[in-house]
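Have a look at the structure below, then the notes.
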Amino acid sequence: MAAAMCANVQAQGLKDAYKDYFAVGVAVNGRNLSNDKHVAIITNNYNSITAENDFKPSSVQPQEGQWNFRNADRIADFCREHGIKLRGHCLAWHSQVGQWMFQGAGGGQATKEELYARMKTHITTVMQRYSDIIYCWDVVNEAVTDDANATDPLRRSSWKTIAGGDEFIRKAFQFAREADPNALLFYNDYNAAVPAKRDKIYNMVKEMKAAGVPIDGIGMQGHFNVYEPSLEDIEAAIVKYSEIVDHIQFTELDIRLNREMGGALNMNRQGEELTPEKKKMFDDKYTGFFEILRRHADVIDVVTFWNVTDADSWVGVSNYPLLFDKNADPKDTYFKVRDFTPTDAEKAAARKSVQKAANKAADDKAALAQKNFKK
C-alpha cells in the first residue's frame, strides 16, 4: 500500500496540483538533502525551498566578519541543480543572531551607527551572494509583540533598544532594497492571524509603506494547531493584509495536535495521542486552510511547509504536524489536500492568479528593456 501511495505521489505532487494557484514550498536542512527519500519528496512536491536555519544571522556570520556559507551554499546549489526557487530566511531577527551585533567596539552597548553599519554589511553581503537564486527575503522577522494589551506594537529586543524604536525595521528594508532591487521583501511573523497581533502588524506595515519603506509583502508563518486560529480569523487576516500589500505568503506551515501555536514550544510536554477525533480535526484544518488559500490565490504567492516530515519537525513527531509521517510516507491528509475539487470561486481565483503572474512577467520584461535601453 505504501509503495502504491508513493507511486501516486510521484505521478503528481503538490506543486502540480496547485500550479494554477500558487507555489508550494518546504523548509529543508542538510539532513534532508542527504536522505534520498526526502529528496524525492522535495523534488516531486515543491517548487520553492526555504532553508530552515542555514541562512539565519548566527549561521552565516557567527562572529563579525567571520562568514560561514558552507551549509547555505549547499542548499542554494541544490536549488540551482533542481530548478527550484529559494526563499531567503532571514536577515534581522531578535533570535539566532550573534551578540556581537549589539556590542560596542569599545565595550558596552553598540551605538545606533555601529548597529546600522553592521546590519548593512550583513544584509548586503548575504543578499548579493545569492541574488541569482533567492527570489524573496524575510527581511525582518518577529518584531511585533504578542501582548494583546501593549500600546507599543514592538517586542522588546536589542534591535529596538539601540534604535530607540522601529527605525531598525525601516533601515533593514532600505538596505535590503539597495542590496538586491529585484528581490521581494517581506515582514514575517507568527500568530499573524490572531486579531490583536494582526492589527498591530497591519498598522505598522501600512504606516511604513506610506512613509516609503519598501515592504512588498507580509509573511504569515502559519504555526497553527487543530484548535486555533480559526479558519475565519485566517481568512480575515488575508483579506485585511491584502489591502496594503500585493504579496502574502504562508511561510512556516505546520499544524499541531496540542494547543501550542506560534512561537510557543514546550520541549518537556508529553506526546499527543492521535485519536480519531484529533485525526478529523487535523484533516479538517488542513483541507479548510487550503480551501481558503485557493479562494485567495490572487494574493497568495506561496505556502511553505516547515520541515519535510514529522520526524524532523521542530514541533516534535508526537504532534503529527505535517503531511508526511515519521517514515516519510504521505498521510491520508496529503491526498485530501492534493486531490481537491475546485469550486467555481476557486477556479476564478486561479484565473486571476495566472493573469497576475502574466502581468508581472510583462512588467519585468518591460523593466528589463528599459534598463538595457538606459545602458
Side-chain angles (χ1 to χ4, degrees), residues 15 18 21-27 46-51 55-56 72 75-76 79-80 83-93 122-124 126-143 169-189 192 201-202 204-206 208-222 237-238 241-253 293 296-304 306 352-368 371:
K15 62 182 172 62
Y18 286 90
Y21 293 87
F22 40 75
V24 185
V26 66
Y46 305 112
N47 47 14
S48 177
I49 277 177
T50 304
F55 281 84
K56 290 176 179 174
I75 292 172
C79 290
R80 294 183 182 108
I84 301 174
K85 298 186 298 182
L86 183 60
R87 291 191 83 257
H89 177 78
C90 55
L91 295 170
W93 190 24
H122 181 88
I123 289 174
T124 302
V126 178
M127 290 188 71
Q128 292 185 348
R129 184 181 183 89
Y130 300 102
S131 61
D132 68 305
I133 189 66
I134 291 184
Y135 67 101
C136 68
W137 276 95
D138 294 327
V139 177
V140 176
N141 195 48
E142 300 177 3
I169 300 175
R170 300 166 188 262
K171 287 290 187 181
F173 279 95
Q174 173 194 327
F175 298 151
R177 180 64 88 221
E178 293 169 354
D180 185 359
N182 297 317
L184 291 174
L185 308 181
F186 282 77
Y187 174 75
N188 189 56
D189 216 325
I201 294 171
Y202 174 90
M204 179 187 76
V205 172
K206 182 178 180 179
M208 287 190 177
K209 284 181 67 65
V213 179
I215 301 175
D216 297 309
I218 293 174
M220 301 175 66
Q221 288 187 10
I238 294 171
Y241 292 142
S242 68
E243 296 174 4
I244 56 172
V245 294
D246 294 327
H247 302 275
I248 297 173
Q249 299 185 357
F250 280 87
T251 56
E252 304 179 25
L253 178 62
L293 295 183
H296 297 280
D298 58 320
V299 294
I300 303 295
D301 294 345
V302 60
V303 54
T304 298
W306 203 247
K352 288 175 67 177
S353 178
V354 171
Q355 186 59 52
K356 174 184 173 184
N359 292 342
K360 183 180 185 303
D363 291 344
D364 290 347
K365 184 177 180 180
L368 180 61
K371 182 178 179 181

Original post:
With sequence neighbours left out, what residues match Ala192 under side chain to side chain contact (heavy atoms under 4.5 Å, CB included)?
Top reply: Ile201, Met220, Tyr241

Original post:
In Å and rounded to the nearest 0.5 Å, what is the CG to SG distance from Asn182 to Cys136?
Top reply: 13.0 Å

Subject >> From Leu184 atom CG to Asp246 atom CG, the distance as rounded to the nearest 0.5 Å >> reply: 10.0 Å

Check whether any side-chain heavy atom of [X] sits under 4.5 Å from a side-chain heavy atom of [Y], and report yes or no.
| X | Y | answer |
| --- | --- | --- |
| Ile75 | Leu86 | yes |
| Ile300 | Phe250 | yes |
| Asn141 | His89 | yes |
| Leu91 | Trp137 | yes |
| Phe186 | Val245 | no |
| Ser242 | Ile248 | yes |
| Thr304 | Arg87 | yes |
| Met208 | Ile169 | yes |

Original post:
Taking the side chain from Lys209 and the backbone from Ile215, do they hold a donor-acceptor pair closer than 3.5 Å?
Top reply: yes

**OP:** Please assess Tyr135 against Ser48 for the test side chain to side chain donor-acceptor pair (under 3.5 Å), listing each intermediate value before the final yes or no.
**Re:** CA-CA 10 Å; Tyr135 67 101; Ser48 177; 2.8 Å; yes

**OP:** Specify the closest pair of heavy atoms between Asn47 and Ile84, including all atoms of both residues, with the distance to one decimal.
**Re:** C-CG2, 3.5 Å

**OP:** Report the C-alpha distance between Ile218 and Ile244 in whole Å, list the side-chain angles of each, state the deciding distance to 0.1 Å, and finish with yes or no for side chain to side chain contact (heavy atoms under 4.5 Å, CB included).
**Re:** CA-CA 9 Å; Ile218 293 174; Ile244 56 172; 4.2 Å; yes

Subject >> Whether over 12 other heavy atoms sit under 6.0 Å from Lys206 NZ >> reply: no

Original post:
Passes side chain to side chain contact (heavy atoms under 4.5 Å, CB included), Met127 versus Leu185? Steps please.
Top reply: CA-CA 11 Å; Met127 290 188 71; Leu185 308 181; 4.2 Å; yes

**OP:** May I ask you to decide if the ring planes of Phe22 and Tyr18 are parallel, tilted or perpendicular, using 30° and 60° as cut-offs?
**Re:** parallel

Original post:
Would Glu252 and Asn188 count as having a side-chain donor-acceptor pair, cut-off 3.5 Å?
Top reply: yes

Original post:
Going by an N to O cut-off under 4.0 Å, is there a salt bridge joining Asp216 and Arg177?
Top reply: yes

Subject >> Listed partners of Arg170 passing salt bridge (charged side-chain N to carboxylate O under 4.0 Å, His left out), at least two apart >> reply: Asp166, Glu207

Original post:
Can you list the residues that meet the salt bridge (charged side-chain N to carboxylate O under 4.0 Å, His left out) rule with Asp180, with sequence neighbours excluded?
Top reply: none

Original post:
Less than 6.0 Å separating the ring centroids of Tyr187 and Phe173?
Top reply: no

Subject >> Stepwise side chain to side chain contact (heavy atoms under 4.5 Å, CB included) check, Trp306 with Val26 >> reply: CA-CA 6 Å; Trp306 203 247; Val26 66; over 6 Å; no

